[in-house]
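What follows is a set of notes on a single structure, which appears directly below.
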Amino acid sequence: MTLDSTWARRFVERAADTVSENRAALIELDREIGDGDHGENLERGFSAVRAKLASQPDDATPGALLKMVATTLISTVGGASGPLLGTAFLKGAGAIGDATEIDSAAVAAFVAAARDGAVLRGKAEVGDKTMIDAWTPASDAAKAAADAGGDPTSVLRAAADAAADGAASTEPLVARKGRASYLGERAVGHRDPGAQSSALILAAAADAADDVAAAAATTSGEA
Amino acid sequence: MTLDSTWARRFVERAADTVSENRAALIELDREIGDGDHGENLERGFSAVRAKLASQPDDATPGALLKMVATTLISTVGGASGPLLGTAFLKGAGAIGDATEIDSAAVAAFVAAARDGAVLRGKAEVGDKTMIDAWTPASDAAKAAADAGGDPTSVLRAAADAAADGAASTEPLVARKGRASYLGERAVGHRDPGAQSSALILAAAADAADDVAAAAATTSGEA
Amino acid sequence: MKKLINDPKDVVEEAVAGIGAAHPDLLVVSHDPTFVRRASGPVAGKVAIVSGGGSGHEPLHAGFVGHGMLSAAVPGPVFTSPTPDPIVAATQAVDGGAGVLYIVKNYTGDVLNFETAADLAEAEGITVASVLVDDDVAVKDSLYTAGRRGVAGTVVVEKTAGAAAERGDSLEQVAEVARRTNAATRTMGVALTAGVVPHAGEPSFTLADDEVEIGIGIHGEPGRERVPLEPVDRIVDRLLDAVLDDLGTASGDRVLLFVNGMGGTPLVELYVAFRRASEVLTEKGVQVTRTLVGNYVTSLEMQGMSITVTTLDDELTELWDAPVETAALRRGR
Amino acid sequence: MKKLINDPKDVVEEAVAGIGAAHPDLLVVSHDPTFVRRASGPVAGKVAIVSGGGSGHEPLHAGFVGHGMLSAAVPGPVFTSPTPDPIVAATQAVDGGAGVLYIVKNYTGDVLNFETAADLAEAEGITVASVLVDDDVAVKDSLYTAGRRGVAGTVVVEKTAGAAAERGDSLEQVAEVARRTNAATRTMGVALTAGVVPHAGEPSFTLADDEVEIGIGIHGEPGRERVPLEPVDRIVDRLLDAVLDDLGTASGDRVLLFVNGMGGTPLVELYVAFRRASEVLTEKGVQVTRTLVGNYVTSLEMQGMSITVTTLDDELTELWDAPVETAALRRGR
Ligand SMILES: Nc1ncnc2c1ncn2[C@@H]1O[C@H](COP(=O)(O)OP(=O)(O)O)[C@@H](O)[C@H]1O
Ligand SMILES: Nc1ncnc2c1ncn2[C@@H]1O[C@H](COP(=O)(O)OP(=O)(O)O)[C@@H](O)[C@H]1O
Ligand SMILES: [Mg+2]
Ligand SMILES: [Mg+2]
Ligand SMILES: [Mg+2]
Ligand SMILES: [Mg+2]
């Protein structure tokens with residue numbers, strides 16, 4: 001099984017939905033250890049992404065769609081998360097290239113390149129209490145799942161689950177990057193908003209793959 | 001019976017005490033329909049008056065002492081009440097002149113001149129919801145008591161009681177002078193702070209006369 | 001009460017000391033009696049201008065002492081008119097022999113204390129003229145009130161009168177400019193929250209979370225009405241309508257538009273309000289030829305603003321544009 | 001939330017429109033992408049200076065656009081760095097061929113977005129140099145933080161760099177002046193209350209009625225510690241000690257003393273604080289040769305202040321004194 005541009009479109013919609021649903025929760029996380037705009041920033045970005053989706057050519061490749069996400073996030077989100085997530089999508093899209101069908105290895109390569117892109121820009125390491133604490137375990141889990149022969153859907157699910165654990169793992173940490181680093185010990189006990197949103201976005205990717213699989217099952221069942 | 005400079009000194013002390021004790025209450029009245037400084041203004045003025053009292057010559061006449069009150073209030077209180085009360089004391093002191101003993105007629109003349117002084121400066125009439133609503137009935141009552149043959153103490157008490165009633169009478173009024181006039185109907189139900197403080201000051205004058213009479217009784221009793 | 005102060009009783013003296021320390025090139029501070037005067041001293045043959053009033057409205061008045069505006073400012077206690085003594089002392093310190101103009105905001109306390117000061121100064125041989133500022137349209141000017149209050153328009157009067165004095169006008173002429181500016185100026189304000197007078201320790205009034213006071217005075221005196229909090233465009237319309245109506249502004253008029261912050265409102269909000277006010281005026285065919293936006297006549301930490309419109313003619317425009325060098329307004333020097 | 005705004009989403013656009021309407025002589029506003037540039041346009045052969053960052057800190061940065069200071073300002077959403085697009089557009093609009101300096105407050109978001117903008121502008125053939133402002137001593141500058149924040153000292157850097165550009169310095173020289181000013185500048189702040197971000201609708205943090213946050217950042221990020229509210233003299237001492245200690249200020253040094261309001265603090269309190277700070281410096285033998293007091297780098301309606309000290313030499317003094325004509329700072333023109 002492989003994923004195609006239907007998945008990519010569904011991923012973008014799901015990501016926009018989850019960001020919108022979690023706007024207030026992300027603002028609240030950021031208010032606690034940042035400046036309270038993370039949910040607002042991402043919602044601004046993903047609604048711009050959603051608005052652009054309709055006008056993408058029918059034959060747009062998954063890579064082209066994800067590159068559109070990247071450039072749109074870079075030009076609408078601002079703050080720290082805009083360039084970081086934008087670069088993640090940009091590098092991830094680059095890893096997929098112009099393939100129309102994405103296999104498990106390509107999915108793992110997407111997540112790994114996205115992670116590397118964010119690290120390149122933000123210079124954060126695991127344990128710094130940033131979105132990297134979601135992307136790094138996600139990338140590792142995706143590679144392990146792909147190496148173990150999992151299909152793209154299960155690779156994405158492994159990445160999403162690892163990202164969720166990674167986001168949770170930021171709670172006891174002192175931050176060493178971003179705005180939360182100003183708080184020292186006072187950041188302990190709070191989850192990093194960027195790690196949380198990254199986990200939500202990866203979950204959207206996995207859910208989109210599930211949607212596609214379910215639709216395929218229905219279609220083939222009906223056929 | 002007449003009043004002398006012992007009374008005048010005692011009056012000043014009593015006035016300073018009552019203003020100090022009622023500082024918060026006067027601020028509160030003024031906060032409701034003015035700008036919340038009346039208690040502060042008068043306390044600043046009367047503590048300056050109290051501080052100057054000690055350095056007045058032993059042979060200072062009642063008129064000289066009350067003129068000191070006038071000029072001190074004018075130069076320390078500020079706001080609307082400073083010039084008004086100051087002028088009241090100035091004109092009142094003028095009515096007493098350099099007499100060393102003040103009889104009932106002189107007491108009534110003091111209150112009347114004080115009232116006229118405040119009216120001259122502030123151009124308020126009875127019913128405008130200002131200190132004039134205390135001073136005018138006080139002046140009328142003092143004249144009536146003096147005309148009826150009352151002693152100075154009872155003349156002052158009549159003035160004080162009438163002033164207290166006058167202060168209470170401001171509660172249902174709409175203000176036509178001073179800061180409360182900006183409120184229109186919204187001033188209704190609130191007592192005018194300046195009428196209240198004027199009543200307190202006149203009560204201090206009467207209480208001082210009582211003190212003097214009590215001291216005289218003790219002395220003559222002991223003698 | 002949360003304030004960056006020491007003893008509430010010392011606020012004014014300490015602030016005045018700070019003003020002196022912050023602007024030694026512009027100002028000299030006198031303590032006991034307290035007033036602030038131009039560092040450059042009186043100029044023989046030029047009219048001097050003195051203003052003053054309760055503190056808590058900073059930068060008014062001390063922030064407007066300097067070339068092209070006030071010669072001296074006399075700050076009273078917070079929200080309380082100064083007594084005559086410091087006014088007289090300031091008058092003596094700045095008189096250059098051509099007389100002194102008092103610019104007095106129309107409040108009973110200010111009027112009475114400046115009146116006494118004028119009497120005392122005249123007794124010392126100084127010619128004094130007085131002009132009352134009463135630009136606040138929220139208050140009805142009738143026999144049944146103390147008359148209109150002087151609010152943000154005071155800055156405009158101090159600016160044009162100051163320029164007139166600087167160009168060498170006589171006392172009578174400077175007073176005429178001040179009166180004419182006042183007559184051409186109207187203001188109305190709104191409060192979202194109240195200021196806290198240091199010695200009172202409590203807000204001067206209380207508004208519900210969804211309520212604003214339309215027609216607020218700068219001492220937190222109530223205004224015309226309390227209405228629910230609305231989008232600022234609606235609030236601007238209310239204030240501006242009242243101002244233009246009272247001023248009789250017509251299409252083709254040239255005006256100064258001045259959006260003034262009450263002290264606790266972020267500048268970003270004042271600009272949002274300014275945008276609306278200038279749009280509305282433009283739609284009405286009124287030409288906004290001069291502008292001012294910022295916290296100039298404040299009421300401690302009150303959140304709110306006022307809108308002032310002054311009808312300009314060539315002379316008032318020229319006087320508004322004239323060089324000014326003060327702590328709070330500086331241009332052309 | 002009580003604010004003089006319409007839809008929270010429109011605050012920045014409407015405020016920028018207001019800034020344009022209020023200062024047509026100084027500024028031109030671009031919408032979509034949003035930036036503010038000098039009305040006079042680029043000057044061939046002169047270095048241009050662009051700064052920007054999240055909104056909510058007004059008058060920073062748009063209030064400092066004009067002769068002798070910034071060429072353009074790029075306001076992002078409230079408390080959020082602008083994206084690269086408007087920065088690039090502003091860069092193109094002001095480039096006079098001699099290169100463009102970015103003055104960037106040291107926050108991850110600002111750094112990354114200006115970095116991308118610089119890459120894009122360079123790709124368009126414009127030479128860009130960047131200087132980070134990181135004057136806030138409340139944050140430890142170590143491998144374990146995002147580094148010091150840029151706060152009120154930004155105004156000083158924009159002023160001296162602007163003057164250097166105006167006198168015709170090369171891009172390298174202007175950048176050097178900016179870096180040197182930043183290196184000579186330290187700030188620490190205190191908050192009494194929090195600002196309310198319009199789209200959040202709630203205060204950014206909560207302090208008890210008797211508590212202050214020492215070392216606050218201008219986005220309401222927490223600082224060093226929460227302590228009970230003290231007399232302002234004590235608070236000034238805390239801030240100034242940290243600043244002077246970090247700066248290594250010694251007797252005989254000449255300094256600029258800058259007391260900055262966070263937006264919701266009455267000016268009268270800033271002057272009370274200034275008085276103390278200047279007294280303490282004088283006692284230590286430090287010469288306060290230049291001063292600034294007011295709301296210049298704010299945090300919406302936050303009550304609080306910061307104290308900035310810049311060590312001055314002859315050149316920095318001259319650049320500070322140079323004529324400047326902007327909405328928020330004006331002198332000599
Ligand atoms: N250097 C960095 N590397 C990786 N992620 C970072 C870095 N700095 C900040 N972040 C992420 O950005 C998030 C904050 O994003 P956002 O609130 O949108 O921007 P800002 O901090 O500018 O307000 C943080 O929660 C963190 O996950
Ligand atoms: N025109 C006037 N005539 C008489 N009394 C007046 C007049 N105006 C104000 N007052 C009195 O002054 C009082 C207010 O005094 P105060 O609060 O000290 O001064 P301010 O109003 O300047 O703050 C009012 O309560 C009223 O009694
Ligand atoms: Mg944030
Ligand atoms: Mg009062
Ligand atoms: Mg008062
Ligand atoms: Mg932000």
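Each chain gets a letter, A, B and so on, in the order its sequence line appears, and its residues count up from 1.
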Among the options C:A200, C:G76, C:P77, pick out the one with the most heavy-atom pairs lying under 4.5 Å from chain B. C:P77

Is any NZ, NE, NH1 or NH2 atom of the basic residue among C:D245 and C:R186 found under 4.0 Å from an Asp or Glu carboxylate oxygen of the other? no

Tell me, side chain or backbone of B:L183 under 4.5 Å from chain C's heavy atoms, or both, or neither? side chain

Heavy-atom contact with chain B under 4.5 Å, split by part of C:P203: backbone

So do C:R226 and C:F205 actually touch side chain to side chain, heavy atoms under 4.5 Å? yes

Checking side-chain hydrogen bond (donor to acceptor under 3.5 Å, both in side chains) for the pair C:T91/C:Y102: CA distance, chi angles, key distance, verdict? CA-CA 9 Å; C:T91 308; C:Y102 288 173; 2.6 Å; yes

Look at B:S81, B:G178, B:G82, B:G79 and state which one has the largest set of heavy-atom pairs under 4.5 Å with chain C. B:G79

Counting only non-hydrogen atoms closer than 4.5 Å, does B:E185 touch chain C with its backbone (N, CA, C, O), its side chain (CB onward), both, or neither? neither

Using heavy-atom distances under 4.5 Å, tell me whether B:T76 contacts chain C through its side chain, its backbone, both, or neither. backbone

Decide whether a cation-pi geometry holds between C:R149 and B:Y182; the criteria are a distance under 6.0 Å from NZ or CZ to the six-membered ring centre and an angle within 45° of the ring axis. yes

Side chain, backbone, both or neither: which part of B:N41 has an atom under 4.5 Å from a heavy atom of chain C? side chain

Quick check on C:N113 against chain B: is it the side chain, the backbone, both or neither that has a heavy atom closer than 4.5 Å? both

CZ/B:R121 to NZ/B:K91 distance, rounded to the nearest 0.5 angstrom? 9.0 Å

